[in-house]
Amino acid sequence: NYITGSEFIFPAGSSAETSLGKFIAGPYAGIIDYFSSGHYGLILTDYFSYAGQSNRNNIHELSINPLLKVNLGKNWYTLITPDIIYTFKTEKFFIPYTQEFGKILSGNYTLSLKAGIHFKNDNKYDVLTEMKFSILM
């Protein structure tokens with residue numbers, strides 16, 4: 001199966017320590033294959049900033065994201081995503097590892113908690129946590 005779409009990231013914090021200060025778009029395309037208890041695949045995303053605070057650095061990164069989703073039963077799942085990211089500004093790769101646990105709610109909605117650590121050249125964060133609400137279309 002082929003997938004395509006776009007992510008939009010909006011700055012939520014006001015200081016340099018709590019926010020990138022930029023509005024970011026991330027068009028993506030990928031391939032996913034399903035098995036009896038989940039799916040695996042590869043998604044490529046091009047993140048770039050298109051607006052935001054002028055005193056913050058512009059962003060342009062390529063994400064190469066292998067993924068493995070395993071259904072845990074009763075609409076619970078875990079998603080393993082070692083995201084390999086190339087930053088065009090620094091011309092370096094960095095590899096944060098993230099693990100997501102979530103629940104598919106009624107209809108096409110999901111609620112999840114995502115946490116990550118970095119493996120290589122990642123100065124963006126030591127530990128990342130996100131609470132996500134998604135609409136599946």
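Note: the hydrophobic cluster containing L67 does not contain I80 (ILVMFWY, side chain heavy atoms under 4.5 Å, direct or indirect links). Under the 4.5 Å side-chain heavy-atom criterion for Ile, Leu, Val, Met, Phe, Trp and Tyr, I64 and I3 are members of distinct hydrophobic clusters. By the rule that hydrophobic residues join a cluster once side-chain heavy atoms approach within less than 4.5 Å of another member, F94 and I43 end up as members of separate clusters. I32 and F35 sit in two unconnected hydrophobic clusters of ILVMFWY residues. Membership requires side-chain heavy atoms under 4.5 Å apart, directly or through other members. Hydrophobic clustering (side-chain heavy atoms under 4.5 Å, transitive across Ile, Leu, Val, Met, Phe, Trp, Tyr) groups Y77 together with Y34.
When all heavy atoms of G102 and S112 are compared, the closest pair comes out as CA-CB, 3.6 Å. When every heavy atom of S63 is checked against every heavy atom of Y47, the shortest pair comes out as CB-CE1, 3.8 Å.
In this structure, the side chains of L44 and N65 stay at 4.5 Å or more apart for every pair of heavy atoms. Using a 4.5 Å heavy-atom threshold, the side chains of N58 and K22 count as touching.
Side-chain polar atoms of Y40 and D33 form a donor-acceptor pair below 3.5 angstrom. Judged purely by distance below 3.5 Å, without hydrogens or angles, the side chains of T45 and E7 never pair a donor atom with an acceptor atom.
Here the side chain of T78 pairs a donor or acceptor atom with the backbone of E100 at under 3.5 angstrom.
The aromatic rings of F48 and H60 lie perpendicular to each other, with more than 60° between the two planes, well past the 30° mark.
For an aromatic pair to be called close, the ring centres must be under 6.0 Å apart, and F133 with Y109 satisfies this.
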